[in-house]
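Take a look at this one; I'll ask things after.
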Number of protein chains: 2
Amino acid sequence: MKKISEKSIERLILYRRILGNLLTENQSKIFSHQLSRLTDVTSAQIRRDLMVTGYSGSPVHGYDVEALLKSICDYIDTPGDQGVAIFGLGHLGRSVMGYFNTRQPRLKIKAAFDTDPDKVNRVLHGIRCYRTDQAKDIIETQNISVGILAVPQRIAQDVATLMVNSGITGILNYAPTRLELPPQIYVENRDMILAVEKVAYYSKKNNT
Amino acid sequence: MKKISEKSIERLILYRRILGNLLTENQSKIFSHQLSRLTDVTSAQIRRDLMVTGYSGSPVHGYDVEALLKSICDYIDTPGDQGVAIFGLGHLGRSVMGYFNTRQPRLKIKAAFDTDPDKVNRVLHGIRCYRTDQAKDIIETQNISVGILAVPQRIAQDVATLMVNSGITGILNYAPTRLELPPQIYVENRDMILAVEKVAYYSKKNNT
DNA sequence: TCATGTGAAGACATTCACAGCA
DNA sequence: TGCTGTGAATGTCTTCACATGA
């Protein structure tokens with residue numbers, strides 16, 4: 001499998017979603033310039049990204065939506081399912097559940113964890129909440145590799161360490177903190193405050 | 001003012017936060033390699049980023065935390081405050097409030113908007129919630145330029161259009177949708193589902 | 001000696017532009 | 001004709017490596 005950039009991966013994931021939408025609308029063919037409008041990615045970039053998947057479109061009819069979708073999935077996905085766990089069932093954790101629960105066949109939220117006794121053993125959106133100290137058992141037995149860190153900043157590092165010790169290998173970190181973890185763990189930072197500051201910077205730029 | 005990349009801006013914002021933390025811990029000097037450990041950015045990159053601010057450190061004592069902090073702020077910030085508004089007071093909107101309300105002197109959440117009558121006129125974290133159709137008035141009178149879009153995907157586009165019509169020039173979009181808006185509007189996409197899929201891809205990569 | 005600031009090199013990502021094909 | 005796939009060119013970002021100065 002060829003080397004591919006992080007940005008290309010993000011775009012492939014985006015294309016996949018859009019193609020999925022098109023399929024439910026019964027659109028069966030699409031050209032790169034049409035996909036370009038739907039994604040804000042140039043058509044040359046799209047064609048370049050699709051090269052890695054090995055799929056080829058037709059210069060006459062463009063891409064077959066279903067076949068291309070399958071090709072991207074084959075490229076991105078591993079065989080079998082991947083479990084996801086949410087750490088922290090405050091507002092953020094619950095909002096992730098809300099956005100997530102729509103479709104996503106292959107990625108599944110299998111458990112949530114919180115220390116608050118009022119939340120433990122409750123079931124939200126069909127997901128049971130466990131005590132944080134039960135994480136290791138549950139993660140091992142349920143094939144969970146992805147963890148969403150949605151706890152207050154104060155305890156983010158400790159919970160992240162626990163996640164890694166429990167077997168999580170990829171973390172989506174919403175807390176405004178850099179985590180110190182072993183290098184083989186993948187961490188995606190989605191620092192909520194930094195995002196607002198960035199928008200503030202650029203929103204003002206545009207006015208000038 | 002020199003041209004600077006989006007990534008550099010993100011890093012400068014990050015440095016600023018870390019420096020703020022150091023200041024409250026009474027650390028007054030720092031070397032680029034120390035800042036490197038705190039940020040996961042190489043020291044060469046840090047020095048390169050700092051060039052644009054015009055601040056110079058001393059090869060003997062490194063950077064003066066307070067002076068560097070001020071220099072970065074001068075570079076990033078506009079004079080005066082910038083108002084922020086949250087659209088959608090579901091779990092996500094409220095979690096943004098929670099993370100935000102800690103410090104942030106210059107950026108201030110000034111209003112929230114929702115269509116749900118149960119939420120309108122309530123005050124959370126000191127922020128009043130208004131009806132969405134009151135947005136234009138309030139945004140114009142309160143100097144609000146940044147909008148956080150935290151509504152369900154279904155209505156994201158409509159609310160975004162309304163935000164722009166009300167005078168918002170920068171949008172932080174959490175919904176898993178690409179927004180179609182005039183090109184002068186800055187949009188930062190923080191697609192929550194895409195983020196999980198990306199982590200899933202890389203968490204599995206690391207195992208192999 | 002040791003860290004900064006920076007020109008130059010290198011690595012990486014995007015766009016151009018066109019051959020090939022139906 | 002009009003789109004795909006892709007080599008080559010361009011553009012952008014990061015790292016190297018060293019002169020400089022205390």
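Labels below follow one simple rule: chain letters A, B, ... track the order of the sequence lines, proteins then strands, and each chain is numbered from 1. Reckoned from all heavy atoms, side chains included, excluding hydrogens, waters and symmetry mates.
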* Take atom CZ of B:R47 and atom P of C:dA3, then tell me their distance rounded to the nearest Å. => 10 Å
* Which of these nucleotides, C:dA13, D:dT15, D:dC13, is closest to any side-chain atom of B:S5? -> D:dC13
* Asked: Which part of the nucleic acid, if any, lies within contact of B:S32, taking any heavy atom under 4.0 Å across all strands shown: a base, the sugar-phosphate backbone alone, or nothing?
  -> sugar-phosphate
* Return the value, rounded to whole Å, for the distance between atom NE2 of B:H61 and atom P of D:dG21. => 18 Å
* To do: Could you tell me whether B:S43 contacts a base, only the sugar-phosphate backbone, or nothing, with contacts defined as non-hydrogen atoms closer than 4.0 Å?
  => nothing
* Under 4.0 angstrom between A:T42 side-chain N/O and C:dT15 OP1 or OP2 -> yes
* Taking the side chain of A:Q45 as its heavy atoms from C-beta onward, which of C:dT15, C:dG20, D:dT15 lies nearest to it? -> C:dT15
* Asked: Quick one: does A:Q27's side chain have a donor or acceptor within less than 3.5 Å of a partner on A:K29's backbone?
  -> yes
* Starting at NZ of A:K7 and ending at P of D:dT12, how long is that distance when rounded to a whole Å? -> 12 Å
* Asked: Want to settle it: does A:V60 or A:Y55 sit nearer the 5' end of DNA chain D, counting the closest nucleotide to each?
  -> A:V60
* **Flag if over 12 foreign heavy atoms under 6.0 Å of CD, B:E66** => no
* Asked: Atom CD1 of A:I4 to atom C1' of C:dC12: distance rounded to whole Å?
  -> 13 Å
* Would you say the base of D:dT14 and the side-chain of B:R48 have a donor-acceptor pair closer than 3.5 Å? -> no
* Parallel, tilted or perpendicular, as decided by the 30° and 60° cut-offs, for the rings of A:F113 and A:Y130 -> tilted
* Mind checking A:H33 for me? I need base, sugar-phosphate or nothing, with any heavy atom below 4.0 Å counting as a touch. => sugar-phosphate
* Structure fact -> Considering only heavy side-chain atoms of B:P59, the closest of C:dT14, C:dA3, D:dT4 is C:dA3
* Take atom NE2 in A:H33; do more than 12 heavy atoms of anything else shown fall under 6.0 Å from it? -> yes
